[in-house]
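To keep things clear, I will list the structure first and then write my remarks on it.
Atoms within a ligand are numbered from 1 in the order they appear, just like the ligands themselves. Everything quoted here is computed from the prediction, not taken from an experiment.
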Amino acid sequence: MNHWLIQLKSIIMSNKVSFNQDYPVINRSNDLYERATGLIPAYSQTLAKGPTQYVNGVAPKYLVKGKGSHVWDVDGNEYIDYNMGIGPLSLGYCYPAVDEAIKTQLEDGITFSLMHPLEVELAELLREIIPNAESVRYSKSGADVTSAAIRIARAYTGKTKVLCCGYHGWHDWYVSTIARNAGVPEATKELTYTFGYNDINSFLNSIDEDVAAVILEPVVFEAPKNDFLYKVSEICKLNNIVLIFDEMWTGFRMALGGAQEYFGIIPDLATYSKAVANGMPIAILTGREKIMKVLEDDVFFFTTFGGEALSLAAAKATINEIIDKDVISYIDTLGGKLKDGYNNIAKEIGIDFTKAVGYNFRSMVTFDAKAGDPLILKSFVQQELIKRGILWSGMHNICYSHTNTDVEYTLTAYYQVMLLLKEAVENGTVDQQIKGIPVQPTFRKTSEFNTKPVHAR
Ligand SMILES: Cc1ncc(COP(=O)(O)O)c(C=O)c1O
C-alpha cells in the first residue's frame with residue numbers, strides 16, 4: 001500500500017485528471033438525456049455507449065471532446081477513457097498524423113463521382129500486411145462486411161447455413177441467434193447457429209452438409225486451447241466451408257495483420273473495422289482471390305459511401321503510424337502493465353473475486369458471483385472510478401496515446417476502489433452504495449447458446 005501512496009502525489013501533480021472530492025456534476029448530460037427521451041429510441045446508436053452500460057445518475061452520458069487518451073463530457077468534466085470509442089481510437093483522439101491526412105484530403109473532396117486512387121493505394125498496403133488479403137473491399141460498418149462475407153460464402157459454396165461464435169453486428173443473419181431478435185423472420189432464424197469457443201465438440205456437432213460459412217472472433221478474452229483455431233480451419237477445409245475471421249477487435253491491435261498473423265491460421269475471408277482508421281468510419285473485407293471473385297458478377301455488395309475518401313486517407317495514415325511507431329508493441333506493454341497491475345492489487349489486498357482477463361491489447365475486468373451480482377459489483381467500481389476521473393465500463397482498450405502516467409494513475413485509483421469494494425462486499429452493502437440505476441447486461445454470448453447439434457435435427 002505504501003508503494004501506491006508514495007506514488008499518488010506525483011501522479012496527481014502530473015495528470016490533469018484529479019482525484020475528485022465528489023461525483024461529477026452531470027446536469028447538461030441529464031438535460032440532453034431528457035430531450036432525447038421519446039425522440040431517440042434506445043437513446044444511443046451504439047449499445048455500448050448508451051445509458052444501460054453506465055450507472056445512470058452518476059456517469060456522464062454525452063462526450064464533446066477528446067484529446068489523446070482523455071475525454072471531456074458536456075458538463076466539462078475530464079476523464080481518462082478506456083473505451084476509446086468502443087475500439088476505433090487505436091492511436092488516440094485528435095491524433096495529429098491522422099487528422100492531417102483527413103484535412104489534406106478534405107481540401108480536395110470527400111465523396112466523388114468516380115473511384116478514388118486511395119481505394120487502390122490502401123488495398124495495396126493491406127495486401128502487404130494482412131496474410132489473406134489477396135483481394136480487398138471496403139464498406140462503412142463492421143456489420144456490412146461480416147454480412148458481405150456471409151453472402152460471399154453462400155454464393156461460393158452453394159450452401160446456406162452459418163455457424164458463428166462471437167458478436168458480428170446487427171444484421172438479420174446474426175441477430176437471429178440472440179435473444180433480442182424481434183423482426184427477424186423465422187425462416188432466417190433457421191439458418192444461423194452458434195458454437196462454443198474452445199469447444200471443438202460443439203463445433204463438430206453443429207456441422208451438417210448445408211453449412212456454408214463459419215465465422216468467429218478468433219479470440220475475445222479467452223485464449224484458444226488445444227489447437228482450437230487450427231482444428232476449426234482444418235474441419236472447414238475438409239467440409240468445403242468458408243472460414244471467416246471477424247477481426248474487428250484483433251485487427252491492427254493484436255498484430256498488424258490481426259489474429260490471422262498472430263496465430264498463423266489463415267482464414268478464407270476476414271473482416272476488419274474499428275482500429276484501422278482511428279475513428280473514421282470504414283470497414284474492410286479481405287480474402288482469397290478465388291473466393292472474393294464472386295463479387296465480380298454474382299454477388300451484389302455496393303454502397304454509396306464505400307469509397308469515401310476521408311476514411312480511406314485516415315486508414316492509410318493510421319496504418320503507417322502503427323507501423324512507424326510500433327504501436328502494437330506499445331499497446332501490448334502498457335496493456336500488460338494495467339492488466340497485471342490490476343491482478344497484483346487484487347492479490348495484495350486479498351480479494352479473489354475479481355480479476356483482469358484477456359490479452360494485453362484488450363483486457364476485461366471480471367467479477368465472480370460468489371461476491372454478489374457481478375453487474376452490481378461492476379456498477380460500484382464504475383461509479384467510484386468515474387468519481388476519480390476514469391471513464392470505464394470494464395474494458396481496458398489501450399491506445400497509443402495512453403501514457404504510463406495514465407496507467408499509474410488508474411492503478412492508484414483501482415487500489416482505492418478495490419479497498420472500498422472489499423469493505424462493501426464484507427459488509428454486504430455494495431448494492432446500497434450504488435448511487436443510480438446499475439449497469440444492465442449486454443447480450444454477447446460465445447458459448448452454450450443456440451447450438452443445434454446435428455443429431456437433434
Ligand atoms: C467482433 C465484432 N464484429 C462485428 C461488429 C459490428 O460492427 P459495427 O458495429 O461497426 O457494425 C462488432 C461491433 O462491435 C464487433 O465487435
- Carefully, step by step, assess Thr271 and Met248 under the rule side-chain contact (heavy atoms from CB on, under 4.5 Å). CA-CA 7 Å; Thr271 57; Met248 288 324 148; 3.5 Å; yes
- Task: Determine, step by step, whether Tyr262 and Arg253 satisfy the side-chain contact (heavy atoms from CB on, under 4.5 Å) criterion, reporting the C-alpha distance in whole Å, the side-chain angles of both residues, the deciding distance to 0.1 Å, and the verdict.
- Result: CA-CA 10 Å; Tyr262 188 90; Arg253 268 207 171 83; over 6 Å; no
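Taking a 4.0 Å cut-off on heavy atoms, Lys274 registers as neighbouring ligand 1.
With Asp246 contributing its side chain and Glu217 its backbone, the two residues share no donor-acceptor pair below 3.5 Å. Proximity of a side-chain donor or acceptor of Ser363 to a complementary backbone N or O of His396 within less than 3.5 Å is not detected.
Note that Lys140 lies outside the cation-pi zone of Phe305, set by a 6.0 Å cut-off to the ring centre and a 45° limit from the axis.
The shortest N or O to N or O distance between Gly142 and ligand 1 is below 3.5 Å. Between Asp246 and ligand 1, at least one N/O pair is under 3.5 Å apart. Inclusion of Trp249 in the set of residues having an N or O under 3.5 Å from an N or O of ligand 1 is warranted. Between Ala143 and ligand 1, at least one N/O pair is under 3.5 Å apart.
Taking every heavy atom of His168 and a limit of under 4.0 angstrom, the matching atoms of ligand 1 come to 3 (N), 4 (C). Listed by number with element, the atoms of ligand 1 under 4.0 Å from a non-hydrogen atom of Ser141 are 10 (O), 11 (O). Ligand-side atoms of ligand 1 in range of Glu217: 1 (C), range being under 4.0 angstrom from any heavy atom.
Within the 4.0 Å heavy-atom criterion, neither part of Trp170 lies near ligand 1.
Across Tyr272, Tyr167, Phe245, heavy-atom proximity to atom 13 (C) of ligand 1 is greatest for Tyr167.
Between Tyr156 and Asp268, the side chains place no donor N or O within less than 3.5 Å of an acceptor N or O (distance only, hydrogens not considered).
Using a cutoff of 4.0 Å between basic side-chain nitrogens and carboxylate oxygens, Arg388 and Glu384 are scored as salt-bridged.
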